[in-house]
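Letters go in sequence order (proteins before strands), and every chain restarts at 1. Below, all heavy atoms of this structure are taken into account, side chains as well, without hydrogens, waters or symmetry copies.
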Amino acid sequence: MKNQFVADVLYKIADLLDIKGEIYFKTRAYRVAAQTIENLDEDIEIIVRENRIGSLPGVGEGISKKIRELVETGKLEYFERLRKEFPEGLLSLLSIPGLGPRKVASLYKNLGITNIDELRKACIDGKLRDLDGFGEITERNILRGIHLLEKTSGRVLLNVAYLDGNNYQEYLKKFDRIDKISIAGSLRRMRETIGDLDILASSDYPDELMDYFVKYPDVQRVLLKGRTKTSVLLKDGVQVDLRVVGKESYGAALQYFTGSKEHNVHMRSIAIKKGFKLNEYGLFDKKTDKYIVGRTEEEVYNRLGMSYIEPELRENRGEIEAALENKLPRIIEYDDVKGDFHVHSTWSDGSDTIETIVDNAKKIGYSFIGIADHSQSLKIARGLSEEKLIKKIAEIERINKKNNDIRVLCGTECDIKPDGSLDYSKNVLKKLDFVYIGIHSKFKMNKKEMTRRIISGMENEYVDFLAHPTGRLIGRRDPYEIDIEQIIDAARETNTLLEINAFPDRLDLNDINIKFAKERGVKLVLGTDAHSISHLHFMRFGIATARRGWLEKKDVLNTYPIKEIEKILQK
DNA sequence: GCCGTTTTCGGCCCGACTGTTTTCAGTCG
């Protein structure tokens, strides 16, 4: 699929046009089109072939032509020309906090700055302060921005932000003149990475609340401070924004600050069409400015003729249209999951014994727990030989006899070898309660070979689940070269469930592919890939990703009663 | 550049804060 490639080119065109000083609405048009392509659950090449580009929302005549050229030739003349007008590194300057297209253009035009290193030097030399609109403070802020960008690459993983957010929220709840408080922003939507953390509160004492907010022990620096908005930088590099609004605006503000930006833009344009004005203070009559609703999010959605939209769905991927028709799926809830399939024990590279894992699973309230250790060829992770695996099956039988309130399932995470064969014989595989397969070596095969390798694995009759299907590690390793559509189709044909690996740096499959798999009739299975009992709680992030992929309870094996799961696995 | 219960031209989401100004442009979300 070339979808991401096409979207990236459109985003870059928008950035370049911004720097060129093109009108805002033109560059926005490119970004809207890019977002549409990015969120498609269909291959753009097929859409081009069938002459359906023009029917995509936000894609008109001009951009249609450009997409066609890009898909058919792999290049775009217009983009190449535009790119030649500016040096290569200029776009990277836009990712520095505080620098937008106007300032970047001025830096380039007046000082000839083309990349981050040159900008850093110019700041240190005090060259920026003479430019219109720049000063000494700007220089310092840019230097800080560069430092921050290099330290954190701008975003943190969901689990880090989740912990920071909850701890901060607990601290703020101790302020006794606070009425309401919620996490908002991309953390509330449970995106896989979080740029900064948004917290919303309502209080009749905003000044005192802001004073209390900046005294949090983990605060490194206060970035800005006002009556309604204050931002701080935590010691771990995460930025936290607190917004304070009145009670009558709380729902509208929560809706607004939860985003996504694209969801909000769409919401507001619907409000306008229906004769309203929507902002963070409420829903107002467009003509008279009279306040209509705003205390709760439900009120806002309902008054606009929509059903309530869960935060995880708010990415402008069709949820607004579905809510208008009252056709949103009832997505899986966080307490629907009855157990975990993907847990490593001391038998391979896990740090806890099966008994400890079982005790913790019981405490969580699970009705089953699946132990899936590595297979024999994965020496680095102390993969089990067939003999050892047989012994492990016996140990799990013993543990099951001692425990009536939880069922322990013995599985494996069996390696798919480069030739597509599996790392255990069928004789052994058939003795297990379930079989995960996964890629753990030779990641750099070409697309055709890698796709064939994985599909060969799935064709084995004893295989139940495909672990971390794309192999990506967020921020560290790209997905393997695979044809995800072929994999999804093969999963349906071979009755293999695709995993949503809940480990925070994997979250694999991701939300878009999950939605795609569901639409193709494939079921999914959640696994934490826990290597210690503290990782069992990562399940939350897997469920969040399932919710972002529009999954319902029935789409996820972990929500079924254990009797039914055993029946399904025996087939 | 896109789009149409305000429509084929003229809008396009909108408010807060900062730094640089002396009334506002730029950035952010």
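- Residue contacts for A/R227: at a heavy-atom cut-off of 4.0 Å it reaches the sugar-phosphate backbone alone, with no base atom in range.
- When the P atom is used for both B/dC14 and B/dT8, the distance is 22 Å, rounded to whole Å.
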Subject >> Heavy-atom protein contacts under 4.0 Å, nucleotides 19-29 of chain B, coded B base, S sugar-phosphate only, - none >> reply: SS-----SSSB
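- The pair A/R547-A/D336 does not meet the salt-bridge criterion, since no charged nitrogen lies less than 4.0 angstrom from a carboxylate oxygen.
- Residue contacts for A/K286: at a heavy-atom cut-off of 4.0 Å it reaches a base atom on one of the strands shown.
- Nucleotides B/dT18 and B/dC13, compared at atom P, are 26 Å apart to the nearest Å.
- The interatomic distance linking A/I53 (CD1) with B/dG1 (P) rounds to 16 Å, in whole Å.
- Rounding to whole angstrom units, NZ of residue A/K274 and P of B/dT6 are separated by 12 Å.
- Ionic pairing of A/K215 and A/D211 is not present here: no N-O contact between side-chain nitrogen and carboxylate oxygen is shorter than 4.0 angstrom.
- Look at CG on A/D15: it is 16 Å from P on B/dG1, rounded to the nearest Å.
- What separates CG of A/L17 from P of B/dG1 is a distance of 8 Å, to the nearest Å.
- Regarding contacts with the backbone of B/dC12, every side-chain N or O of A/S269 stays at 4.0 angstrom or more from both OP1 and OP2.
- Nucleotides B/dC9 and B/dG15 are separated by 30 Å at their P atoms, to the nearest Å.
- We find that A/E80 and A/K75 are not joined by a salt bridge, their nearest charged nitrogen and carboxylate oxygen being 4.0 Å or further apart.
- Rounded to whole Å, the distance from CG on A/L56 to P on B/dG1 is 18 Å.
- Salt-bridge formation is detected for the pair A/K277/A/D289: a Lys NZ or Arg NE/NH1/NH2 atom is positioned less than 4.0 Å from an Asp or Glu carboxylate oxygen.
- As a whole-Å value, the separation of A/H266 NE2 from B/dC12 P is 16 Å.
- Taking 4.0 Å as the cut-off between side-chain N and carboxylate O, A/K66 and A/E69 do not count as a salt-bridged pair.
- Protein atom NZ of A/K26 is 10 Å distant from nucleotide atom P of B/dC2, rounded to whole Å.
- Checked by atom type, the side-chain pair A/N501/A/D529 shows a donor-acceptor distance below 3.5 Å.
- OP1 and OP2 of B/dG1 both lie 4.0 Å or more from every side-chain N or O belonging to A/K65.
- Between B/dT23 and B/dG19, the two C1' atoms lie 14 Å apart (nearest whole Å).
- Here the side chain of A/A29 is nearest to one of B/dG1, B/dC12, B/dG15, namely B/dG1.
- Going from atom NZ of A/K277 over to atom C1' of B/dG11 covers 17 Å, rounded to whole Å.
- Taking a cutoff of 4.0 Å between a charged side-chain nitrogen and a carboxylate oxygen, A/R191 and A/D511 do not qualify as a salt bridge.
- The residue A/E22 sits apart from the nucleic acid: no heavy atom pair falls under 4.0 Å.
- Between A/E61 and A/G226, the one whose closest nucleotide on DNA chain B sits nearer the 5' end is A/E61.
- A donor and an acceptor atom, one from each side chain of A/H266 and A/N316, are located under 3.5 Å apart.
- Put simply, A/N279 has a side-chain N or O that comes within less than 4.0 Å of OP1 or OP2 on B/dG15.
- Rounded to a whole angstrom, the distance from the P atom of B/dT21 to that of B/dA16 is 24 Å.
- Going from the P atom of B/dT22 to that of B/dC17 covers 23 Å, rounded to whole Å.
- As judged by a 4.0 angstrom heavy-atom cut-off over every strand, A/V59 is placed among residues touching the sugar-phosphate backbone only.
- Side chain to side chain, A/E499 and A/H468 fail the donor-acceptor criterion of an N or O pair below 3.5 Å.
- Remark: B/dC3 base-pairs with B/dG10. Criterion, Watson-Crick or G-U wobble with two distances under 3.5 Å.
- Summary of the strand contacts: A/F25 and A/Y78 both lie near DNA chain B, and taking for each the nucleotide with the nearest heavy atom, the more 5' one is attributed to A/Y78.
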